[in-house]
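What's counted below: heavy atoms across the whole structure, side chains too, no hydrogens, waters or symmetry copies.
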Amino acid sequence: MIPRFKALLKGVQRAIIVASLILPYIAGYIMGGEEEWFLVGLIICTPVYWVLTFAGIWIYEGFKTDR
């Protein structure tokens, strides 16, 4: 999946990386509350974010090859 990620446009790569620094911690705050938001964001939400990101890239590549 890493070569597929590297094949994306630079702007898309940067957007995914910046979102990986912000979105898991927002989700962690929503799920964990004020006390454990950092740990929830780091341990649970960050891996889930990357799994969903790679799944999205895989689906996008499938549509791209069908054209």
Side-chain angles (χ1 to χ4, degrees):
M1 291 310 291
I2 299 296
R4 290 182 180 168
F5 177 76
K6 289 182 178 181
L8 294 172
L9 299 172
K10 288 285 184 197
V12 175
Q13 288 179 0
R14 291 176 182 172
I16 289 172
I17 292 170
V18 168
S20 74
L21 298 174
I22 297 171
L23 293 179
Y25 297 110
I26 293 173
Y29 182 77
I30 291 169
M31 291 173 53
E34 291 187 21
E35 294 179 7
E36 299 177 356
W37 67 270
F38 184 77
L39 290 176
V40 171
L42 184 66
I43 296 171
I44 297 172
C45 298
T46 301
V48 170
Y49 172 82
W50 281 105
V51 167
L52 292 175
T53 299
F54 285 128
I57 292 171
W58 179 65
I59 292 168
Y60 174 73
E61 290 291 321
F63 281 117
K64 193 174 165 183
T65 56
D66 282 345
R67 284 191 214 168

(Q) Would the distance check show the side chain of Thr46 and the main-chain N or O of Ile43 forming a donor-acceptor pair, the cut-off being under 3.5 Å? (A) no
Q | With sequence neighbours excluded, residues passing side chain to side chain contact (heavy atoms under 4.5 Å, CB included) with Ile22 | A | Val18, Ile26
Q | Plane angle bin for Tyr25 and Phe38 - parallel if under 30°, tilted between 30 and 60°, otherwise perpendicular | A | parallel
Q.
To check you understand the geometry: which heavy-atom pair defines the closest contact between Gly62 and Thr65, and what is its length?
A. O-OG1, 3.0 Å
(Q) Just so I know, are the side chains of Ile16 and Trp50 near enough to count as touching, which here means a heavy-atom distance under 4.5 Å? (A) yes
(Q) Show the nearest heavy-atom pair for residues Pro24 and Ala19, with the distance to one decimal. (A) CD-O, 3.5 Å
Q) In Å, rounded to the nearest 0.5 Å, how long is the span from CD of Glu35 to OH of Tyr29? A) 11.0 Å
Q. Can you list the residues that meet the side chain to side chain contact (heavy atoms under 4.5 Å, CB included) rule with Ile2, with sequence neighbours excluded?
A. Lys6, Phe54
Q. Taking side chain as C-beta onward, heavy atoms only, is Leu21 less than 4.5 Å from Tyr49?
A. no
Q. Does any non-hydrogen side-chain atom of Met31 lie less than 4.5 Å from one of Trp37?
A. no
Q) In terms of hydrophobic clusters joined by side-chain contacts under 4.5 Å, are Trp58 and Leu8 together? A) yes
Q. Taking ILVMFWY side chains as joined if any heavy atoms are under 4.5 angstrom apart, and letting links pass through other members, which residues group with Val48?
A. Leu52
